[in-house]
Amino acid sequence: MKPFLLQKLIKDATKDDSLDIKALAKELKVTIALVKEKDMKNLCEISCNNMAEKPLLKLNETLDKKSRFTFVAIALAEYILTPERVEKAGINYDIFFLSDIYKQRYGYRMLLATRLAVPEHMIEKLCNHAPGTDEYIVESDYLPQFLRCCVSNSSALFLLSNFSELTDA
């Protein structure tokens with residue numbers, strides 16, 4: 001996916017201080033399903049059964065709302081950055097993945113995931129610890145540790161303008 005298309009999808013899904021991650025998933029043709037705990041080994045999985053199939057993002061039904069939304073943003077970022085990995089082997093996220101999330105904040109996946117979840121103007125406020133950000137974190141659909149992974153504009157814009165080099169190689 002070309003960066004300008006992704007930026008347009010993000011812009012179209014942004015409304016005020018939130019971003020509609022479900023609409024973004026729909027535009028990317030990713031199906032989201034809740035799965036019973038006994039039918040899943042992990043908390044979240046994104047895969048295709050074959051190359052012609054649309055990606056299926058499965059979430060363990062025992063996850064709380066904030067964890068679900070966080071996993072959706074991360075899995076969509078992974079799919080955008082490495083679609084061949086999703087199509088061939090799939091990607092799984094277990095209980096330990098979220099415990100290390102803050103250490104991953106400068107990785108491509110997390111830089112993109114936060115852009116898929118939080119409008120740019122709110123990321124700037126979060127990074128600058130502007131008044132009202134604590135309330136935003138509490139009221140958000142995402143885990144606080146995920147929102148604290150937001151990195152200011154310069155690094156993320158570099159990613160959005162250059163990540164196609166990663167996928168075209």
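Just so it is clear, the structure is predicted and the values come from calculations on it, not from any experiment. All values below come from the heavy atoms of this structure, side chains included, with hydrogens, waters and symmetry mates left out.
- When all heavy atoms of L116 and L19 are compared, the closest pair comes out as O-CD2, 3.0 Å.
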Result block: side-chain N/O donor-acceptor pairs under 3.5 angstrom for residues 90-100, not counting sequence neighbours:
residue: Y93; atom: OH; partner: E78; partner atom: OE1; Å: 3.0
residue: D94; atom: OD1; partner: F96; partner atom: N; Å: 3.0
residue: D94; atom: OD1; partner: F97; partner atom: N; Å: 3.1
residue: S99; atom: OG; partner: F96; partner atom: O; Å: 2.6

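- When side chains are defined from C-beta on, I46 does not count as touching F71, because their heavy atoms never get closer than 4.5 Å.
- Considering only residues two or more places apart in sequence or on other chains, T14 meets the side-chain hydrogen bond (donor to acceptor under 3.5 Å, both in side chains) condition with none of them.
- Atom OG1 in T114 sits 14.5 Å away from atom CZ in R148 (nearest 0.5 Å).
- Applying the side-chain contact (heavy atoms from CB on, under 4.5 Å) criterion to S47, with sequence neighbours excluded, gives no partner residue.
- Shown here for V151 and I123, the closest heavy-atom pair between the two residues is O-CG2, 3.5 Å.
- Smallest separation of non-hydrogen atoms from Q104 and M110: O-CB, 3.2 Å.
- Taking D64 as the reference, S67 meet the side-chain hydrogen bond (donor to acceptor under 3.5 Å, both in side chains) condition, with sequence neighbours excluded.
- Taking K65 as the reference, D141 meet the side-chain hydrogen bond (donor to acceptor under 3.5 Å, both in side chains) condition, with sequence neighbours excluded.
- A search for side-chain contact (heavy atoms from CB on, under 4.5 Å) contacts involving K26 returns nothing, not counting sequence neighbours.
- Hydrophobic cluster of M40: the remaining members, joined at side-chain heavy-atom separations below 4.5 Å, are V35, listed by chain and number.
- In this view, L56 and T31, A33, K58 satisfy the side-chain contact (heavy atoms from CB on, under 4.5 Å) rule, not counting sequence neighbours.
- Checking side-chain atoms of R105 against main-chain N and O of Y102 turns up a donor-acceptor pair under 3.5 Å.
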Scan the side chains in residues 131-140 for donor-acceptor partners under 3.5 Å anywhere in the protein, sequence neighbours excluded, and list what turns up.
residue: T133; atom: OG1; partner: A130; partner atom: O; Å: 2.9
residue: Y136; atom: OH; partner: D17; partner atom: O; Å: 2.9
residue: S140; atom: OG; partner: Y142; partner atom: N; Å: 3.0

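- To the nearest 0.5 Å, atoms SG (C150) and CE (M122) are separated by 9.5 Å.
- Atom CG in L59 sits 10.0 Å away from atom CZ in F69 (nearest 0.5 Å).
- Not counting sequence neighbours, E27 has no partner by the side-chain hydrogen bond (donor to acceptor under 3.5 Å, both in side chains) test.
- Note that SG of C149 and CG of L143 are 10.0 Å apart. Values are rounded to the nearest 0.5 Å.
- To the nearest 0.5 Å, the span separating CG on L24 from CG on D12 amounts to 9.5 Å.
- Around atom CD of E37, no more than 12 heavy atoms belonging to other residues, nucleotides or ligands sit under 6.0 Å away.
- Nearest heavy-atom pair, C127 versus S152, reported as atom, atom and distance to 0.1 Å: SG-N, 3.4 Å.
- Note: L9 CG to D20 CG = 12.0 Å, rounded to the nearest 0.5 Å.
- Under the side-chain contact (heavy atoms from CB on, under 4.5 Å) criterion, K29 pairs with K54, not counting sequence neighbours.
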